[in-house]
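Have a look at the structure below, then the notes.
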There are 6 protein chains.
Amino acid sequence: MTEVLWNHLTAAELRERAAENAVVLLPVGATEQHGPHLPTGVDDFLAAEVCRRAAELALPHTPTVVAPSVWSGLSEHHMAFGGTITLSLTTLHALLRDVCRSIQRASFRRVLVVNGHGGNMTALNALATELTAELSMPIAITNYFSVDRDLVRDTLDTQGALMHACEGETSMMLAAHPDLVRTELLPEAHGPEITLPAESPDPVYLAVPFDRITTSGVAGYGNAATAEKGERMLTGLAQALAGTLAQNPWKDLLDR
Amino acid sequence: MTEVLWNHLTAAELRERAAENAVVLLPVGATEQHGPHLPTGVDDFLAAEVCRRAAELALPHTPTVVAPSVWSGLSEHHMAFGGTITLSLTTLHALLRDVCRSIQRASFRRVLVVNGHGGNMTALNALATELTAELSMPIAITNYFSVDRDLVRDTLDTQGALMHACEGETSMMLAAHPDLVRTELLPEAHGPEITLPAESPDPVYLAVPFDRITTSGVAGYGNAATAEKGERMLTGLAQALAGTLAQNPWKDLLDR
Amino acid sequence: MTEVLWNHLTAAELRERAAENAVVLLPVGATEQHGPHLPTGVDDFLAAEVCRRAAELALPHTPTVVAPSVWSGLSEHHMAFGGTITLSLTTLHALLRDVCRSIQRASFRRVLVVNGHGGNMTALNALATELTAELSMPIAITNYFSVDRDLVRDTLDTQGALMHACEGETSMMLAAHPDLVRTELLPEAHGPEITLPAESPDPVYLAVPFDRITTSGVAGYGNAATAEKGERMLTGLAQALAGTLAQNPWKDLLDR
Amino acid sequence: MTEVLWNHLTAAELRERAAENAVVLLPVGATEQHGPHLPTGVDDFLAAEVCRRAAELALPHTPTVVAPSVWSGLSEHHMAFGGTITLSLTTLHALLRDVCRSIQRASFRRVLVVNGHGGNMTALNALATELTAELSMPIAITNYFSVDRDLVRDTLDTQGALMHACEGETSMMLAAHPDLVRTELLPEAHGPEITLPAESPDPVYLAVPFDRITTSGVAGYGNAATAEKGERMLTGLAQALAGTLAQNPWKDLLDR
Amino acid sequence: MTEVLWNHLTAAELRERAAENAVVLLPVGATEQHGPHLPTGVDDFLAAEVCRRAAELALPHTPTVVAPSVWSGLSEHHMAFGGTITLSLTTLHALLRDVCRSIQRASFRRVLVVNGHGGNMTALNALATELTAELSMPIAITNYFSVDRDLVRDTLDTQGALMHACEGETSMMLAAHPDLVRTELLPEAHGPEITLPAESPDPVYLAVPFDRITTSGVAGYGNAATAEKGERMLTGLAQALAGTLAQNPWKDLLDR
Amino acid sequence: MTEVLWNHLTAAELRERAAENAVVLLPVGATEQHGPHLPTGVDDFLAAEVCRRAAELALPHTPTVVAPSVWSGLSEHHMAFGGTITLSLTTLHALLRDVCRSIQRASFRRVLVVNGHGGNMTALNALATELTAELSMPIAITNYFSVDRDLVRDTLDTQGALMHACEGETSMMLAAHPDLVRTELLPEAHGPEITLPAESPDPVYLAVPFDRITTSGVAGYGNAATAEKGERMLTGLAQALAGTLAQNPWKDLLDR
């Protein structure tokens with residue numbers, strides 16, 4: 001059986017996966033403005049997409065289940081654009097605590113939170129630390145776009161890394177959900193370059209409302225996107241994530 | 001444009017819908033055991049399915065948007081079966097508060113929470129009351145299966161109302177997601193009849209673990225399901241829900 | 001000894017009741033406007049009255065103690081009338097948690113919350129579920145007016161069930177606390193008929209401020225009340241509640 | 001009209017009292033072990049008794065309303081005796097916040113919390129400070145037994161101040177609720193002398209479980225109680241409290 | 001080794017102190033206006049100073065460690081003066097809970113909170129009670145200025161006890177931190193006499209903003225201060241506190 | 001006047017600084033094991049030291065105040081070593097919220113949190129974002145060791161960046177607090193090299209207890225430390241931080 005999605009599996013099948021010590025991938029995204037050309041669900045869709053592909057690749061050797069995705073994150077900085085749903089840090093903490101505790105009670109021991117939203121990065125790092133203590137279970141965290149930074153850089157023509165509604169995200173949406181891209185608006189899909197806060201070399205961090213950075217809602221060059229680049233990224237990132245699972249990052253922290 | 005899903009829409013499109021005073025449907029389901037034959041996502045899938053269909057029917061006259069579904073609810077009573085993700089009441093409250101506040105900040109004024117899980121019914125009623133006060137915005141609540149109880153009763157052969165993983169839910173899953181039904185296990189898909197707590201005539205309520213009621217995880221007769229009955233229910237419930245929207249239940253509480 | 005009230009009993013007597021596996025009845029009412037003719041304590045007084053009578057009837061066969069009543073509930077919808085004290089859902093949860101935990105620490109194992117306020121019904125159902133999990137002790141819940149719906153319907157002339165400051169509540173107050181009824185104002189004591197939200201056939205629920213429903217603060221026909229009808233109801237409801245206790249609703253969930 | 005109890009008054013009558021700028025007395029007691037001879041409700045009964053008497057004395061010149069009493073407080077130190085209901089500090093804070101806010105929303109501006117339990121004293125002082133800031137309304141606090149310490153000292157034969165289930169409390173119970181005193185157990189009703197923590201000269205405070213201090217549950221000399229001493233205290237304390245209200249302690253903090 | 005400050009000790013040294021069953025002193029002060037002549041840190045500095053001196057005196061016979069001081073407390077009543085940092089009661093509770101739990105996890109069993117701010121007194125009493133229950137560890141509490149009230153009274157010329165930015169506090173600051181006293185402003189450093197709320201004979205307590213009491217921010221006679229009086233107080237209070245430790249107030253509550 | 005420390009300043013002086021639109025630096029450190037040779041207060045001492053030096057450098061052109069340091073942070077990973085005080089993320093959030101709100105109420109508009117502990121980095125980034133929204137005031141965040149990474153790298157002989165109780169921290173302690181370094185234990189002061197989690201190239205993050213990484217409690221080469229390197233770093237980092245203040249990072253977010 002090759003089904004990897006938690007909500008597509010029956011309880012009995014999930015008990016079997018737990019007995020096999022399967023990894024649970026928990027995508028965490030956002031529902032927020034993504035420029036004129038992309039739907040608000042991008043961060044959720046792409047994190048879930050890479051998780052599903054990675055789990056299918058990993059399944060033969062590393063049993064893996066993909067939990068339903070947490071489709072809302074920390075998007076306060078996008079609120080001025082409308083169409084955005086944001087959680088407080090405290091609510092996100094409570095939600096992840098309850099979900100991870102349920103996963104633990106369902107007899108799984110290895111959880112990897114797979115983030116898809118730049119604005120969640122530092123918070124999820126901090127929450128993973130906190131949940132690890134609260135649940136006495138090692139909660140790992142990554143970003144779907146960080147598992148192979150070289151691939152991202154080499155694939156993109158105008159950017160060195162993901163920005164927002166940019167060449168990278170638009171390309172992956174063209175590959176995975178072409179019907180959801182407003183291609184007629186691609187010419188407007190560009191904006192200033194940014195570095196994700198968690199990766200910025202600037203020593204001082206200030207939460208800047210996104211509408212002070214870009215009027216289009218885009219950072220980077222969505223207008224340079226192609227489905228081919230998107231498919232290359234999705235494929236490569238899924239392979240890299242599957243490779244990460246094969247290395248079993250929990251091995252030193254768990255008995256088995 | 002006929003797209004109704006929030007996360008498929010762009011921020012600009014959502015601003016337009018808000019300007020049209022669109023209704024936002026917020027499906028709330030569960031991820032919990034559903035017998036040997038159904039996947040754990042049933043309550044989430046069916047609530048979202050009826051919402052989407054209803055919104056598409058309503059769109060020409062009542063602009064409607066379907067938010068991403070809250071796929072976890074109050075499922076403590078199913079935890080013994082495994083495969084179940086449950087939230088505390090406090091976390092569900094916090095999550096709905098943040099989501100509804102974001103919907104409000106996105107300039108929508110009419111929200112209808114559409115529940116798909118019997119175990120959420122009384123809690124969502126109480127939370128709708130509380131959120132209405134907290135947000136100074138009338139938060140309406142219904143269950144997708146309550147909008148036309150006659151239809152449900154008339155369609156089902158073995159039951160008068162929905163139970164759990166039963167003739168009704170199994171039929172609707174055969175209609176909407178036939179690939180997710182383990183049809184080979186349908187013969188085992190039966191259990192004792194129940195009444196949903198919120199609709200029980202018994203004056204005393206006690207939270208009973210579901211494994212004390214049924215060993216199969218089913219209450220009712222999943223083995224009596226057919227896709228035809230399911231399609232009839234999904235169609236009729238969506239029509240009834242669209243009809244409800246047309247009546248504008250908020251009209252006495254809002255100026256417009 | 002026939003004393004049934006917790007706060008009238010000494011600690012040693014309560015230890016004895018706990019050793020006899022007594023039931024603890026916990027009345028939960030409200031302090032809120034009740035029309036021109038009734039005091040604000042009605043829901044509290046009547047829940048406590050039925051509990052006390054039921055406990056006295058039950059005592060010989062089912063040892064029973066009545067805790068002091070929680071005299072404030074969820075009354076936001078009555079705030080516009082003045083004279084009303086309301087709790088947030090979170091505070092009511094915290095209060096019931098601490099009280100029930102104390103009852104548990106006092107070595108009682110069977111708790112029945114007896115509600116007296118329509119606005120508390122769904123919340124108490126949800127809280128009983130939550131507290132059962134939090135305390136690992138089955139917290140049962142009922143409404144004093146639900147234990148014999150036939151009696152209520154048969155006794156009342158103008159209504160089929162309790163409404164608010166209505167024929168039913170006014171009659172019971174005339175029976176139990178005649179000095180607290182402003183009989184000179186009875187002619188004004190009427191208003192539109194309602195159905196309690198938890199029992200409404202309407203599939204959509206919206207929290208409606210009570211002053212949008214009635215200017216008198218009454219729903220139903222307080223002007224049709226008599227002490228005789230009230231006494232009949234109090235007697236019958238107490239008997240029904242005592243009968244419920246005799247059936248030991250906890251028996252399948254507790255060892256003894 | 002001479003009724004002073006909030007829950008005996010109608011909403012319209014309470015609106016009138018608020019318009020007269022009435023004081024609201026909020027008794028806060030406890031439900032906890034009180035030796036072999038006294039019921040667990042003593043602190044609640046006596047605080048409410050003194051409040052009611054004081055309000056009746058004050059009514060002609062100082063309109064006064066007595067809210068229903070908060071019958072549970074901080075009684076962790078009595079839990080070992082059984083029969084005791086205790087709240088966490090956080091729950092007591094939440095409860096008082098909601099009750100005081102409701103009083104404020106009912107258009108009253110002057111609230112005096114009247115404590116009846118030694119174990120609540122410092123907490124209520126701190127909570128009054130906090131609530132004053134949270135609600136932007138001056139919340140005053142006193143103890144019913146502190147309003148005339150000379151009277152207490154002069155009336156009692158064996159003690160200089162109230163202790164626990166002692167000469168003072170037992171005397172007042174004999175005066176107010178003689179049927180609730182187990183007079184046959186009075187000979188056992190004695191224990192070591194204590195000073196209430198908030199009034200102790202000892203510079204170091206440690207929360208000591210009460211069963212480490214007394215095996216009878218009594219501190220002081222309940223066996224020296226008489227109804228006459230009790231009536232003298234109740235009368236005098238009510239007069240002192242009414243006198244306090246006449247001085248309007250809020251006058252410098254409120255415009256009127 | 002005579003080092004007593006936690007943050008000056010290494011982890012290994014602290015493990016040794018814990019193995020010796022050392023007492024941990026936890027100073028809790030405030031950062032708030034202290035008149036024209038004193039810095040805002042006074043309450044923090046003096047509590048920490050007395051703790052350090054007492055620990056050095058106690059060390060040979062009673063191993064003692066001084067934790068870093070909690071430099072913010074409950075100072076809402078000083079906010080109008082500026083320069084003041086205040087915590088909510090809930091935050092102070094959370095902070096002390098985490099600090100005391102960490103001390104407990106570091107294998108210490110005896111904690112004495114040493115308060116330096118009048119506005120914290122009742123709250124810390126209540127919090128010590130609550131933390132004792134929450135942590136199952138006796139948390140003791142004192143005020144640095146209460147350990148020898150006779151000394152304070154005998155030393156001061158114009159006051160019988162500490163007030164605020166007064167003869168007492170100013171004298172101790174002249175002794176411990178003369179460079180931080182604006183001596184040129186001493187002539188202005190006076191205001192009305194007060195009694196600390198926790199020690200007031202007035203039976204009714206109301207939180208009064210400090211700017212309603214004094215325009216200078218001083219209560220008492222800072223202008224009567226001398227370094228000699230300050231040194232005498234610091235020395236004597238430290239001796240008294242060390243003497244208190246020698247008596248081991250925890251001895252009846254802990255096995256060792 | 002050149003005093004820069006909040007708690008050394010009077011309320012009137014702080015009101016003046018606020019009127020000058022001074023920056024408030026808020027050091028946040030930790031109290032945690034720092035190997036055999038360093039005291040537990042290192043992260044607190046060094047963050048406060050760099051802040052003080054930077055503020056003194058900045059004062060002539062950029063009025064600056066240094067708040068008392070938050071000496072406890074997120075140190076769960078060090079608990080196994082003893083001597084460590086850790087806060088939960090929720091408590092740290094509450095504490096910073098109250099402190100920053102007080103700073104805001106004291107009329108300051110520019111706050112820079114200056115972190116001194118690797119384990120706080122991502123959490124403070126997330127909390128700065130959250131507090132910016134909660135307080136409607138831009139809360140900036142940096143690490144004292146990030147303001148000039150080149151200087152750190154160039155100064156150290158064995159490391160490219162700070163680790164823990166390492167060449168860098170030990171050198172700065174030798175410069176700022178030589179009496180607190182156990183120089184006789186320097187030979188043992190070494191351990192494996194690490195990268196701070198927030199700066200790790202590893203895409204997967206897992207919270208690893210520090211005792212799984214190092215038995216000495218050191219990561220890096222404390223034994224390579226010298227006071228000269230420490231002084232060079234402290235001087236340079238303070239200059240860099242002062243330079244950062246001169247650039248006014250808030251300028252685009254505030255009117256003045």
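In what follows, every chain begins at residue 1, and chains take the letters A, B, ... in the order their sequences are listed. Everything quoted here is computed from the prediction, not taken from an experiment.
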For F:His93 against A:Leu89, the heavy-atom pair lying closest together: ND1-CD2, 4.4 Å
Flag side-chain contact, heavy atom, 4.5 Å: F:Pro138 against A:Val208: no
Flag, side chain of F:Arg149 to backbone of A:Pro201, donor-acceptor distance under 3.5 Å: yes
Chain A contact via F:His77 - which portion, at a heavy-atom distance below 4.5 Å: neither
Side-chain touch A:Leu253/F:Arg212, heavy atoms, less than 4.5 angstrom: yes
Where F:Glu76 and A:Ala133 come nearest, the two heavy atoms and their spacing: CG-CB, 3.9 Å
Interatomic spacing from OG1 in A:Thr90 to CD in F:Glu134 - rounded to 0.5 Å: 7.0 Å
Structural part of A:Ile139 lying under 4.5 Å from a heavy atom of chain F: backbone
Short side-chain to backbone donor-acceptor contact, F:Ser146 and A:Pro203, under 3.5 Å: no
Proximal component of F:Leu112, with respect to chain A [non-hydrogen, under 4.5 Å]: side chain
Chain F contacts, top residue of A:Thr142, A:Leu206, A:Thr244 (heavy-atom pairs, under 4.5 Å): A:Leu206
Nearest heavy atoms of A:Ala126 and F:Thr122, plus distance in Å: N-OG1, 3.7 Å
Side chain A:Thr129, main chain F:Ala207, donor-acceptor under 3.5 Å: no
Nearest-0.5 Å distance, CE of residue F:Met121 to CG of residue A:Asn125: 10.0 Å
For F:Val204 against A:Ala140, the heavy-atom pair lying closest together: CG1-CB, 4.1 Å
